[in-house]
Visitor: 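Supplied in structure tokens, the structure appears directly below.
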Amino acid sequence: MVADGGEADADLAVAAARRAFDDGRWSRRSARERQEVLLRLAQLILDNAAELAVLETLDAGKLIADTSAFDIPGSAAILKWYAEIIDKIPGEIPPTGEGDLALVTREPLGVVGAIVPWNYPLETAIWKLAPALVTGNSVVLKPAEDSPLTALRLAELAIQAGLPDGVLNVVPGPGPVVGRALGRHPDVDAITFTGSTAVGRLFMTYAGESTLKPVWLECGGKSANVVFADAADLDRVADGVIAGIFTNQGQVCSANSRLLVQRAVQDALLERVLDRVRGIRPGDPLDPATAMGPLVSVKQAERVRGFIETGRGEGTLLAGGSEVAGSPTAAYVPPTVFGDVAPDAVIAQEEIFGPVLAVTPFDTEEEAIRIANGSRYGLAASLWSDSLARVHRVAPRLRAGTVSVNRVDAIDVAVPFGGFGQSGFGRDLSAHALDQYTGLKTTWIDYR
Ligand code: NAD
């Protein structure tokens, strides 16, 4: 049980962050000093990885196999990457007139409010904290209601690493209370948000109604996985289809939830996909051998089951459905596949955020591009083809922040991640993310 913070707690956290920023205990430390503290924090995450992995699994129902192998070590690696890059980014001296010297530097913004979801709780928090802290900002982090534990433990580890008091503040609590308070707070200088498009929209309103603070949004997705008949290795494609939609029980913003397959290979591919689906056994997420766990909550599972009911009227149920035989809680939803789904069907348009795949056949390249782009989201897409020419023709025309070719969900700390359209416009990861947490400052010296 974790106590809910309220608006007063958000105020206290912002005030602490403000004091810390203004007195320079972190913001005016050298890049190298900040680097040392954050490298220590990255190491402490690794030293406490087993505990953090269990906390993440208990909170979100994520597989312990994943939290141990990816979420926790991945979070440490991202923090380390930002700590290591920060003393290697010089400022600029643009050419100006004689007797002038213009210095362009990156300045931290001040107090950053970070609001994150429950599907990758620690990792998403680190996506925000690492570039924000390394550039000298103070942060108030609001974890999702369902997954506050690793954020709280991270704050303890940050103190142990030597991060000064007030620089990182964690306020768990309801989104409409704590999240809203941060979004509207006059003393929060920027918001970084990952979550649903509906709530992202609210943060833009909060900013408009308060101080015009910049808001960086990473929102929902409905990513297309486009398979052309000239992709020769259908077994590899089938593995990609499975990983693309069933990883983390489909609770992935970039989940490949729409499979667009060229009609000539549809039967052969679906046979392979359904064969693999039959082999997935839902089980206890704390058991390292489990390949599929529950969703984050019964509430989320009910939402997903609602979409499955809608899907029964829209496509052909090829696998799964609403029940998992013998499951210990109602939070389990089986891997579910619908065939013959029209591109404008509800289950092909709405982000379900669960293990539900909508399959739509196509005939031509033009049709595939049109269907893939026929979504209000634009976070990611995958494209399978052994034709180099086709890959180069199609990839640029897919409206998505990341196009993975002959694989799914390509991601790396060195590469920007984010979307087009209603998937948002922020870019997490890579050196580009530093732009979200710094302002360019010109100091112009007239030395004549
Ligand atoms: P959500 O939008 O419900 O919640 C996200 C955060 O916003 C939580 O901390 C929540 O407490 C807070 N919040 C909720 N209502 C609020 C309000 N009225 N005012 C202020 N804050 C509020 O999202 P979720 O259900 O936690 O996560 C799933 C969503 O996150 C999906 O849409 C998914 O696509 C998206 N997501 C996107 C990315 C990405 O990088 N693009 C990554 C992961 C998840």
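Every number for a ligand or one of its atoms is a count from 1 in the order of the listing.
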Visitor: To which protein heavy atom is atom 27 (O) of ligand 1 closest, and what is the distance rounded to 0.1 Å?
Guide: Pro117 CB, 3.3 Å

Visitor: Would Lys128 and Thr192 count as having a side-chain donor-acceptor pair, cut-off 3.5 Å?
Guide: yes

Visitor: Cationic tip of Lys62 within the cone over Tyr120's six-membered ring, i.e. under 6.0 Å and within 45° of the normal?
Guide: yes

Visitor: Tell me the protein heavy atom at minimum distance from atom 2 (O) of ligand 1, and give that distance in Å.
Guide: Ser196 OG, 2.6 Å

Visitor: Is it the case that over 12 heavy atoms from other parts of the model lie below 6.0 angstrom from the CD atom of Glu7?
Guide: no

Visitor: Of all the non-hydrogen atoms in the protein, which one sits nearest to atom 28 (C) of ligand 1, and at what distance?
Guide: Phe353 CE2, 3.4 Å

Visitor: In the protein, which heavy atom is nearest to atom 11 (O) of ligand 1, and how far is it?
Guide: Glu145 OE1, 2.7 Å

Visitor: Quick test: of every protein heavy atom, which one is nearest to atom 13 (N) of ligand 1, and how far off is it to 0.1 Å?
Guide: Gly175 CA, 3.4 Å

Visitor: Short list, please: which atoms of ligand 1 are under 4.0 Å from a heavy atom of Leu379?
Guide: 41 (N)

Visitor: Between the side chains of Glu302 and Lys299, is the shortest nitrogen-to-carboxylate-oxygen separation below 4.0 Å, so that they form an ion pair?
Guide: no

Visitor: Going by the order shown, which atoms of ligand 1 are within less than 4.0 Å of some heavy atom of Val199?
Guide: 2 (O), 7 (O), 13 (N), 14 (C), 15 (N), 16 (C), 21 (N), 22 (C)

Visitor: For Thr197 and ligand 1, does the shortest N/O to N/O distance drop below 3.5 Å?
Guide: no

Visitor: Looking at ligand 1, would Pro143 count as a contact under a 4.0 Å heavy-atom criterion?
Guide: yes

Visitor: What about the rings of Trp127 and Phe417, do their centers lie closer together than 6.0 Å?
Guide: yes

Visitor: Between Glu366 and Arg370, is the closest basic N to carboxylate O distance under 4.0 Å?
Guide: no

Visitor: Give the residue, atom name and distance (to 0.1 Å) of the protein heavy atom nearest atom 25 (O) of ligand 1.
Guide: Trp118 NE1, 3.0 Å

Visitor: Does even one non-hydrogen atom of Ser423 get within less than 4.0 Å of ligand 1?
Guide: no

Visitor: Does only the side chain of Asp428 get under 4.0 Å from ligand 1, or the backbone, or both, or neither? Count heavy atoms.
Guide: neither

Visitor: Short list, please: which atoms of ligand 1 are under 4.0 Å from a heavy atom of Arg180?
Guide: 19 (N), 20 (C)

Visitor: Below 4.0 angstrom from a heavy atom of Tyr206, which ligand 1 atoms are there? Numbered from 1 as shown, please.
Guide: 17 (C), 18 (N), 19 (N), 20 (C)

Visitor: Hey, what do you get for CG (Asp11) to CG (Asp187), rounding to the nearest 0.5 Å?
Guide: 9.5 Å

Visitor: Provide the number and element of each atom of ligand 1 under 4.0 Å from a heavy atom of Asn119.
Guide: 43 (C), 44 (C)

Visitor: Does Asp87 have more than 12 heavy atoms from other residues, nucleotides or ligands lying within 6.0 Å of its CG?
Guide: yes

Visitor: Indicate yes or no: does Arg18 engage Asp189 in a salt bridge with an N to O separation below 4.0 Å.
Guide: yes

Visitor: Within ligand 1, which atoms have a heavy atom of Phe203 less than 4.0 Å away?
Guide: 20 (C), 21 (N)

Visitor: Looking at atom 31 (C) of ligand 1, what's its closest protein heavy atom, distance included?
Guide: Glu351 OE1, 3.4 Å

Visitor: Compare all side-chain heavy atoms of Val188 with those of Lys213 and state whether any distance is below 4.5 angstrom.
Guide: yes

Visitor: Is the NZ or CZ atom of Arg180 positioned over Phe193's six-membered ring, under 6.0 angstrom from the centre and within 45° of the axis?
Guide: no

Visitor: Checking Phe228 now: which residues fulfil ring pair (Phe, Tyr, Trp, His ring centres under 6.0 Å) with it, not counting sequence neighbours?
Guide: Phe362

Visitor: Please could you name the atoms of ligand 1 that Thr194 approaches to less than 4.0 Å, counting only its heavy atoms?
Guide: 5 (C), 36 (N), 37 (C), 38 (C), 39 (C), 40 (O), 42 (C), 43 (C), 44 (C)

Visitor: Does even one non-hydrogen atom of Tyr120 get within less than 4.0 Å of ligand 1?
Guide: no

Visitor: Any protein heavy atom sitting closer than 4.0 Å to atom 4 (O) of ligand 1?
Guide: no

Visitor: Looking at Cys219, which atoms of ligand 1 are within less than 4.0 Å of one of its heavy atoms?
Guide: 34 (O), 37 (C), 38 (C), 39 (C), 41 (N)

Visitor: Return the residue, atom name and 0.1 Å-rounded distance of the protein heavy atom closest to atom 9 (O) of ligand 1.
Guide: Val116 O, 2.8 Å

Visitor: Compute whether any side-chain donor of one residue and acceptor of the other, for Asn225 and Trp384, lie under 3.5 angstrom apart.
Guide: yes

